[in-house]
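Below is one structure, written out as C-alpha cells; the observations come after it.
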Amino acid sequence: MNEYLFNPPAVQSLAVRGESQRFPINRLFFVGRNYQAHAKEMGSGTIDKTKARPFYFTKAPQTLTPSGVTVAYPPGTANFHYEMELVVAIGQAGFRIAAADAHAYIYGYAAGLDMTRRDLQLVAREQGRPWDLGKDVEQSAVCTDIVPMPGRVLDAGAIHLAVNGEVKQQADLSDLIWDIREIIEDLSQFYHLQAGDLIYTGTPEGVGPVLPGDIITGAVEGVAELSLTIGPAE
Ligand code: MN
C-alpha cells in the first residue's frame with residue numbers, strides 16, 4: 001500500500017556541468033535589490049549600505065525552469081519583466097556563517113532569470129502586500145546547469161541580457177551592493193542554509209517587459225549562457 005494518497009511532488013533538480021549526477025533543489029532565495037542603478041530605476045534611490053540591510057523573497061522550488069525552454073506568457077499580467085541574475089548554489093548546510101567563511105559553503109554558480117509580473121509586484125509594494133503574485137510566478141525561476149566552482153567567490157565578471165538580440169542589461173558582478181560573502185553571511189542569520197539552496201543575487205539596471213514571441217538571451221561571463229523563449233499566453 002502506498003504511504004501517500006497521491007504521488008508527492010517531484011524533486012526539482014538541475015544538471016551539473018561535467019557531472020552525471022544532478023543537483024537537487026531545496027529552496028530558491030532572491031535578493032531584492034542589489035545593484036545601485038537597479039534600485040534607482042525601481043524608485044528606491046541610493047542604497048546606503050551602512051544603514052540598509054539586504055532583503056529577500058522566495059519562490060517555490062516548483063517554479064524552477066531550465067534554460068533553453070519556451071514558457072507561456074503568464075496569466076494576470078500586462079507587464080512581464082526579465083531580470084538577469086548570478087545564481088549561487090549552496091553545497092553544504094550552514095547557519096550564522098561569517099563572511100570570511102562563506103566560500104566554504106559554495107558548490108558552484110549558474111546564470112538565472114527572475115521573471116516577474118512587474119505590474120502586480122508594484123501594486124503589492126504600494127499597498128504593503130506580499131510580493132508573491134508578482135514574483136512567485138509559475139516557470140519564473142529560470143536557471144542554467146550548475147557550474148561547479150567549489151569554494152570560489154566570484155567578485156567580478158560581466159553580466160548581460162538581450163531581448164531579440166538587442167542588449168538591455170549590461171553590468172558587472174563588482175557592481176553588487178552586497179557581495180557573495182555578505183549575502184551568505186546575512187541570509188544565514190535568518191535561515192539554516194542547506195545543500196541545494198539557490199540564491200539569486202539580484203539584477204542590474206535595464207529591466208523591462210517581454211511579449212509572446214520574444215527570445216531572451218543572457219550570460220554571466222565565466223559561468224554560463226542562458227536563453228528563454230516567451231510563448232503565447234495560455
Ligand atoms: Mn530579482
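Residue numbers start at 1 and run along the sequence shown. Quick caveat: nothing in here was measured; it's all calculated off a predicted structure. When a ligand or atom number is given, it counts from 1 through the structure's own listing order.
Ionic pairing of R17 and D145 is not present here: no N-O contact between side-chain nitrogen and carboxylate oxygen is shorter than 4.0 angstrom.
Ring geometry, F57 versus F30: the interplanar angle falls under 30°, so the pair is classed parallel (tilted spans 30 to 60°).
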Considering only distance and modelled atom types, tabulate donor-acceptor pairs under 3.5 Å from the side chains of residues 202-210, sequence neighbours left out.
{"unit_1": "T203", "atom_1": "OG1", "unit_2": "M84", "atom_2": "N", "d": "3.1"}
{"unit_1": "T203", "atom_1": "OG1", "unit_2": "M84", "atom_2": "O", "d": "2.9"}
{"unit_1": "T203", "atom_1": "OG1", "unit_2": "Q169", "atom_2": "NE2", "d": "2.8"}

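The ring of F80 has its center closer than 6.0 angstrom to the ring center of Y73.
Residue pairs meeting the salt bridge (Lys or Arg N to Asp or Glu O under 4.0 Å) criterion with at least one member in residues 218-234: none, sequence neighbours excluded.
Grouping Ile, Leu, Val, Met, Phe, Trp and Tyr by side-chain contacts under 4.5 Å, direct or through others, leaves F95 on its own.
Listed by chain and number, the protein atoms of type N/O/S under 2.8 Å from the Mn ion (ligand 1) are E83 OE1, E85 OE2, D114 OD2; waters are omitted.
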